[in-house]
Amino acid sequence: MTVTAPATPTAPAAGAPTAATGPDTAPPRPRSRRSRTLRVLTRRPGRVVGLAIIVLFALMAAFGPLLYPGQIAVDPEAIYAPPGAEHWLGTDFAGSDVLQEVVVGARYVLLTAAIAAVVTAATGTVVGLVAGYRRGLADSGLMRITDFVLTLPGLPLLIVLSTLWSFSSPLQMGLVLGVTGWGGVARAVRSQTLSLRERGFLEAARGLGLSGRHILFRELLPNIAPYVAMNLLLSVIGFIGAEVALFFLGVVPFSSENWGVMLNQAVFSGGVMSSPEALAYLLAPLTCILLITLGIVLFMDAVDELFNPRLRERA
């Protein structure tokens, strides 16, 4: 009598379908970056609202002056006309349409703030990265320059420069605000760089003989990108308030239509303190400033989660 040994089960070949997966079942693919970004944005309604507000004001700044080309129309017979079908936000003390002034003035305010924020973030990030990574003489020299920038009085400097420039271009004011505002960002980025400098991945990168430029912009920069992105958005809010305040106080000449000029004229020329009819002229630019600030704050919540893996895992 011959006894046959039981057959030993063999492991399935690599990639062969199994009973658990089936022939048509593929392993789950990782989420793409686009789908992950969309999921983060739509997780909370406030983030969608914030993005919509930012896009609305960006479109207003880009295409608003094209809707109202030329000089702002003045109708002396419609002084402080109430909001209606002809003038949605009413008119001012000269008979100009308030909505037209708000739309036309958005380009100067938002473009100036964007230029200043980009200059601040870019300059502060590069200086902080180089100072924190190189250390030694480079660190000392760059930090002394940073200290000098931090001591620059921005308001008196703008007053002096207003005698040379009319600040009719957003580029001029944006550059002045940006050049005088990057010191704090450089200090903070340097601190972040010093804390990352001795991490294992940087030791490995130096051991592999990678160049300093590669380490700065391929290894260090992605790790501080969340802070830079958040600071960029916060800087836009700060620069909007700064430039509007400068025009409201009359420090710089009224060379262009913008929200700061509207506030100045509403208070000092329009008689808003004594005439309730002028209230709409004052509230229009204030509402725009509050809305763009609210939009950025709401959108920053999504940016924080996009860059922070711990928040993504918790969500």
Side-chain angles (χ1 to χ4, degrees), residues 33-34 37-73 83-92 96-122 167-175 177-178 229-244 247 255-263 266 280-304 306:
R33 181 175 300 179
R34 180 178 302 178
T37 302
L38 184 61
R39 181 168 53 88
V40 170
L41 287 175
T42 57
R43 189 186 306 280
R44 296 178 183 176
R47 299 173 180 178
V48 180
V49 174
L51 180 61
I53 293 175
I54 294 175
V55 172
L56 174 63
F57 277 98
L59 293 176
M60 183 188 299
F63 302 105
L66 301 179
L67 299 176
Y68 301 103
Q71 297 294 327
I72 295 179
E86 187 175 356
H87 304 286
W88 289 4
L89 297 180
T91 60
D92 62 3
S96 301
D97 188 83
V98 175
L99 177 61
Q100 182 178 355
E101 292 180 298
V102 167
V103 171
V104 173
R107 171 176 289 186
Y108 186 97
V109 174
L110 299 182
L111 187 56
T112 299
I115 292 173
V118 170
V119 171
T120 296
F167 290 108
S168 58
S169 170
L171 180 62
Q172 295 176 346
M173 180 167 284
L175 287 177
L177 292 174
M230 300 292 283
N231 187 270
L232 181 67
L233 294 174
L234 287 174
S235 298
V236 172
I237 298 176
F239 287 130
I240 287 176
E243 61 174 306
V244 168
F247 280 104
S255 56
S256 64
E257 289 290 339
N258 59 71
W259 298 343
V261 175
M262 292 179 64
L263 291 175
Y281 183 45
L282 176 69
L283 291 179
L286 286 178
T287 303
C288 290
I289 296 172
L290 292 176
L291 280 177
I292 189 63
T293 302
L294 176 64
I296 292 175
V297 170
L298 292 176
F299 183 67
M300 283 175 59
D301 184 35
V303 174
D304 192 14
L306 282 173

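Positions are given from 1, in the same order as the sequence printed here. Only a predicted model underlies this, so the values are computations on that prediction, with no experimental measurement involved.
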Looking only at heavy atoms, what is the nearest atom pair of P65 and A61, with distance? CD-O, 3.8 Å
Taking atom CG of L232 and atom CD1 of I237, what is their separation to the nearest 0.5 Å? 11.0 Å
Mind checking the CG-CD1 spacing from L175 to I115? Nearest 0.5 Å is all I need. 6.5 Å
Working to the nearest 0.5 Å, report the span between CG of L306 and CE of M300. 13.0 Å
Can you give me the closest heavy-atom contact between S235 and T120, atom names plus distance? OG-CG2, 4.5 Å
Show your reasoning for whether side chain to side chain contact (heavy atoms under 4.5 Å, CB included) applies to Y281 and T91. CA-CA 7 Å; Y281 183 45; T91 60; over 6 Å; no
Could you please spell out the steps behind the side chain to side chain contact (heavy atoms under 4.5 Å, CB included) verdict for Y68 and L99? CA-CA 10 Å; Y68 301 103; L99 177 61; 4.1 Å; yes
Output for pair (L177 CG, I240 CD1), nearest 0.5 Å, gives 11.5 Å
Correct closest heavy-atom pair for S168 and Y108 would be O-CE1, 3.7 Å
Identified side chain to side chain contact (heavy atoms under 4.5 Å, CB included) counterpart of S96 within the set E257, M262, H87, E101: E101
So which heavy atom on V236 is nearest to which on A117, and how close? CG2-CB, 3.7 Å
To check you understand the geometry: which heavy-atom pair defines the closest contact between A302 and V40, and what is its length? O-CG1, 3.7 Å
Using the rule given for side chain to side chain contact (heavy atoms under 4.5 Å, CB included), can you reason through F57 versus I53, listing the C-alpha separation, both sets of side-chain angles and the distance that settles it, and then say yes or no? CA-CA 6 Å; F57 277 98; I53 293 175; 3.8 Å; yes
Show me the side-chain donor-acceptor pairs of residues 289-297 shorter than 3.5 Å, one per line, residues at least two apart or across chains.
from	atom 1	to	atom 2	distance (Å)
T293	OG1	I289	O	2.8

Measure the OG-CG distance between S169 and L111 for me, rounded to the nearest 0.5 Å. 7.5 Å
Option passing side chain to side chain contact (heavy atoms under 4.5 Å, CB included) with Q100 (candidates V98, V102, V104): V104
Residue list, salt bridge (Lys or Arg N to Asp or Glu O under 4.0 Å) with R107, at least two apart or on another chain: none
For G64 and V103, the nearest pair of non-hydrogen atoms, with its separation, is CA-CG1, 3.3 Å
Atom pair OG1/CD of T112 and E243 - distance to nearest 0.5 Å: 4.5 Å
